[in-house]
Undergrad: 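To start, I am sharing the structure in question, which I have written as structure tokens.
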Amino acid sequence: MRRRSIVLLLVCCLLPTGLAAQSLGVIKPGGKEPTLSIGGLLQVQTEVGDRGDSRWANDNDRVYLRRARLNAIGKFLEEFDFKLEMDFAGTLANTTGLRGQLTDGYVNWNRRPDANIRIGQFKTPFGYEQLYADPRLFTLERSLVNDRLTVSRQLGMQVNGDLFEKKLSYAVGAFNGNGVNNNFNDDDRFLLAGRLSGVLWQGKLGGQSGSWSLGGNVYSSEDTNIPEPAEFGFDSNIFSGDRLGTGVDTQLQAGRFDFWAEVLRTKWEPTSRRPSASFESEGWYAQGSYYVVKDRVQVVLKAETFDPRTKVDNDATDIGTAGVNWYLKGHDLKLQANYQRVRIENQDDQDKVLARIQVIF
């Protein structure tokens with residue numbers, strides 16, 4: 001039986017493609033969409049050295065899957081498109097079993113480029129670095145302030161579009177506001193978020209093509225039961241009350257050089273009045289990158305800070321990152337390495353090295 005299977009496989013390989021497909025059958029989508037693409041992302045990562053910032057559980061050296069995703073993206077002639085994506089890893093925390101969970105699952109009406117309507121689970125329009133695609137980031141991890149003060153993926157609906165020949169972009173949406181993969185709302189109010197960004201200049205700089213962009217975003221939410229990291233000081237790490245997030249960002253690109261900077265701030269008003277009746281969290285990052293070998297080898301320098309309670313002394317985290325990216329085949333196949341120096345007040349400095357191989361298929 002095994003010999004017959006091998007012979008059949010060899011025959012199919014030697015047949016013309018069309019004939020082989022007719023003989024064995026063709027895989028077709030269940031619906032009637034004219035385009036359907038199946039793809040994925042694999043990021044295998046290692047880390048050595050000290051613990052680093054508060055996102056890591058301990059200082060144990062390890063090898064792990066940072067992200068392992070499968071996705072399906074399709075379009076219908078009726079001017080709808082959709083995306084469905086699962087992640088089978090996707091966390092820096094220690095886990096005892098890898099489990100699949102939804103990252104994106106939405107339907108988008110795309111008839112008007114100036115007014116797309118999207119509904120489902122996807123990234124909220126708040127924070128430039130947060131919105132930037134995971135596999136295209138120049139550093140292995142986003143800034144700590146971005147992870148702590150943005151609201152990431154949520155279930156909700158959004159209107160977004162491009163205006164003036166894509167010189168101006170906007171997005172506004174209403175979301176449940178209680179995190180990813182929760183199909184309920186913790187109260188009867190929505191998190192409201194909006195972003196506006198535009199290209200202020202486009203032309204030549206130092207003989208190189210370049211552009212300068214500026215963006216701003218805001219969100220507002222009234223919450224009843226939202227888990228938050230321990231550094232904010234909420235009772236049992238649960239927030240209930242009002243919060244208001246704001247941010248501004250800018251990007252400069254000139255030839256092989258890219259520069260990003262972003263400032264984020266959140267005002268908290270806990271119902272319990274603990275750790276105080278009202279306080280603010282804030283932080284920023286600035287990042288520069290340059291291709292020392294065009295489209296192949298890129299070096300990155302990044303400085304960032306995060307202060308969870310601005311009126312409390314000695315609780316800020318400062319991080320400096322130096323990195324190199326080797327693009328073997330663009331972002332589809334690349335190697336990355338980062339060295340981080342983490343400084344937390346009244347603690348010893350932390351030194352951490354991260355390395356990753358990424359494959360997009």
Side-chain angles (χ1 to χ4, degrees), residues 27-43 65-93 95 97-113 115-137 142 146-147 150-161 169-187 189-195 217 219 221 223 225-227 331 358-361:
I27 297 175
K28 295 182 178 180
K32 296 181 180 179
E33 58 272 30
T35 63
L36 177 66
S37 61
I38 307 296
L41 166 68
L42 185 62
Q43 294 177 340
L65 291 176
R66 181 62 180 91
R67 295 179 179 89
R69 295 178 177 175
L70 291 175
N71 59 61
I73 302 172
K75 292 183 179 180
F76 289 90
L77 294 176
E78 292 80 3
E79 298 167 329
F80 283 87
D81 59 80
F82 65 89
K83 181 179 182 180
L84 178 65
E85 183 175 73
M86 296 288 294
D87 197 341
F88 299 92
T91 179
L92 290 173
T95 57
L98 297 177
R99 300 176 179 88
Q101 66 174 2
L102 187 69
T103 55
D104 291 301
Y106 61 81
V107 176
N108 185 68
W109 182 64
N110 57 32
R111 181 177 181 179
R112 295 181 59 91
N116 277 219
I117 300 176
R118 180 178 297 184
I119 185 167
Q121 180 169 286
F122 49 91
K123 288 184 176 181
T124 55
F126 184 83
Y128 177 81
E129 191 180 31
Q130 189 264 148
L131 287 166
Y132 206 79
D134 298 321
R136 302 182 67 85
L137 290 168
R142 291 179 171 86
N146 197 279
D147 281 352
T150 62
V151 284
S152 191
R153 290 178 169 88
Q154 305 274 351
L155 274 162
M157 63 183 302
Q158 170 182 288
V159 179
N160 63 276
S169 299
Y170 76 94
V172 291
F175 305 87
N176 288 346
N178 56 332
V180 66
N181 291 326
N182 293 316
N183 66 353
F184 60 91
N185 195 340
D186 61 316
D187 52 36
R189 297 176 292 269
F190 288 109
L191 180 152
L192 304 177
R195 175 172 174 81
N217 29 237
Y219 82 84
S221 183
D223 306 298
N225 185 19
I226 304 297
H331 292 284
Q358 171 176 296
V359 176
I360 299 176
F361 54 92

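None of these values were measured; they are calculated from a predicted model. Hydrogens, waters and symmetry mates are skipped; everything else that's a heavy atom, side chains included, is used. Numbers here are sequence positions counted from 1.
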Undergrad: Does any non-hydrogen side-chain atom of Leu70 lie less than 4.5 Å from one of Phe361?
TA: yes
Undergrad: Going by side-chain hydrogen bond (donor to acceptor under 3.5 Å, both in side chains), name the residues that satisfy it together with Asn185, two or more places apart in sequence or in a different chain.
TA: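 If we apply the side-chain hydrogen bond (donor to acceptor under 3.5 Å, both in side chains) test to Asn185, skipping adjacent residues, there are no hits.
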Undergrad: Working note: Thr103 + Glu85, criterion side-chain hydrogen bond (donor to acceptor under 3.5 Å, both in side chains); need CA distance, chi angles, decisive distance, verdict.
TA: CA-CA 6 Å; Thr103 55; Glu85 183 175 73; 2.7 Å; yes
Undergrad: Would you call Arg142 and Glu129 a salt bridge, taking side-chain N to carboxylate O under 4.0 Å as the test?
TA: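 Here Arg142 does not pair with Glu129 in a salt bridge, since their nearest N and O are not under 4.0 Å apart.
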Undergrad: Give me the one residue out of Lys123, Arg118, Arg153 that meets salt bridge (charged side-chain N to carboxylate O under 4.0 Å, His left out) with Asp104.
TA: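 Running salt bridge (charged side-chain N to carboxylate O under 4.0 Å, His left out) over Lys123, Arg118, Arg153 with Asp104 returns exactly one hit, Arg153.
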Undergrad: Fit a plane to each ring of Phe126 and Tyr219, take the angle between them on a 0 to 90° scale, and name the class: parallel (under 30°), tilted (30 to 60°) or perpendicular (over 60°).
TA: perpendicular
Undergrad: For atom CE of Met86, is the number of surrounding heavy atoms from other residues, nucleotides or ligands below 6.0 Å larger than 12?
TA: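 More than 12 within 6.0 Å, yes.
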Undergrad: Listed by chain and number, what are the ring pair (Phe, Tyr, Trp, His ring centres under 6.0 Å) partners of Phe122, not counting sequence neighbours?
TA: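 With neighbours one apart ignored, the set is Tyr106, Phe175.
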Undergrad: Any chance you could lay out the side chain to side chain contact (heavy atoms under 4.5 Å, CB included) test for Trp109 and Ile119, step after step, and finish with the verdict?
TA: CA-CA 9 Å; Trp109 182 64; Ile119 185 167; over 6 Å; no
Undergrad: Do Val172 and Gln158 come close enough that some side-chain heavy atom pair is under 4.5 Å?
TA: no
Undergrad: Report yes or no: does Gln130 contribute a side-chain atom to a donor-acceptor pair with the main-chain N or O of Val151 at less than 3.5 Å?
TA: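 Not confirmed, Gln130 side chain does not pair with Val151 backbone.
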Undergrad: Which heavy atom of Pro135 sits nearest to which heavy atom of Leu41, and what is that distance?
TA: CB-CD1, 3.9 Å
Undergrad: If you take all heavy atoms of Thr150 and Asn146, which pair is closest and at what distance?
TA: OG1-O, 2.6 Å
Undergrad: With a 3.5 Å cut-off and no angle check, do the side chains of Asp81 and Asn110 form a donor-acceptor pair?
TA: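 A donor-acceptor contact under 3.5 Å links the two side chains.
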Undergrad: Indicate the atoms forming the closest heavy-atom contact of Ala193 with Pro125, along with that distance.
TA: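 Result for this residue pair: O-CG, 3.9 Å.
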Undergrad: Treating Gln121 as the side-chain partner and Asn181 as the backbone partner, does any N or O pair qualify as donor plus acceptor under 3.5 Å?
TA: yes
Undergrad: Give a yes or no answer on whether the side chain of Gln154 reaches the backbone of Gly177 with a donor-acceptor pair at less than 3.5 Å.
TA: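 Checking the backbone N and O of Gly177 against the side chain of Gln154, a donor-acceptor pair under 3.5 Å is found.
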Undergrad: On a heavy-atom basis, which atom in Ala72 and which in Leu36 lie closest, and how many Å separate them?
TA: CB-CD1, 4.4 Å
Undergrad: Once ring pair (Phe, Tyr, Trp, His ring centres under 6.0 Å) is applied, do any residues pair with Tyr132, and if so which ones, sequence neighbours excluded?
TA: Tyr128, Trp260
Undergrad: Are side-chain heavy atoms of Leu65 and Phe88 found at a separation under 4.5 Å?
TA: no
Undergrad: Using every non-hydrogen atom in the two residues, find where Ala68 and Leu42 come nearest and quote the distance to one decimal.
TA: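 The answer is CB-CD1, 3.9 Å.
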Undergrad: Side-chain contact test, heavy atoms from C-beta onward, threshold under 4.5 Å: evaluate it for Arg189 versus Ser221 and give yes or no.
TA: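 No. Closest side-chain heavy atoms not under 4.5 Å.
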Undergrad: Do the side chain of Asn116 and the main chain of Asn108 share a donor and acceptor less than 3.5 angstrom apart?
TA: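 Absent.
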Undergrad: Going by heavy atoms in the side chains, are Asn176 and Asp186 under 4.5 Å from each other?
TA: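 No. Closest side-chain heavy atoms not under 4.5 Å.
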Undergrad: I'd like to know if Asp87 and Arg67 make a salt bridge, using a cut-off of under 4.0 Å between side-chain N and carboxylate O.
TA: no
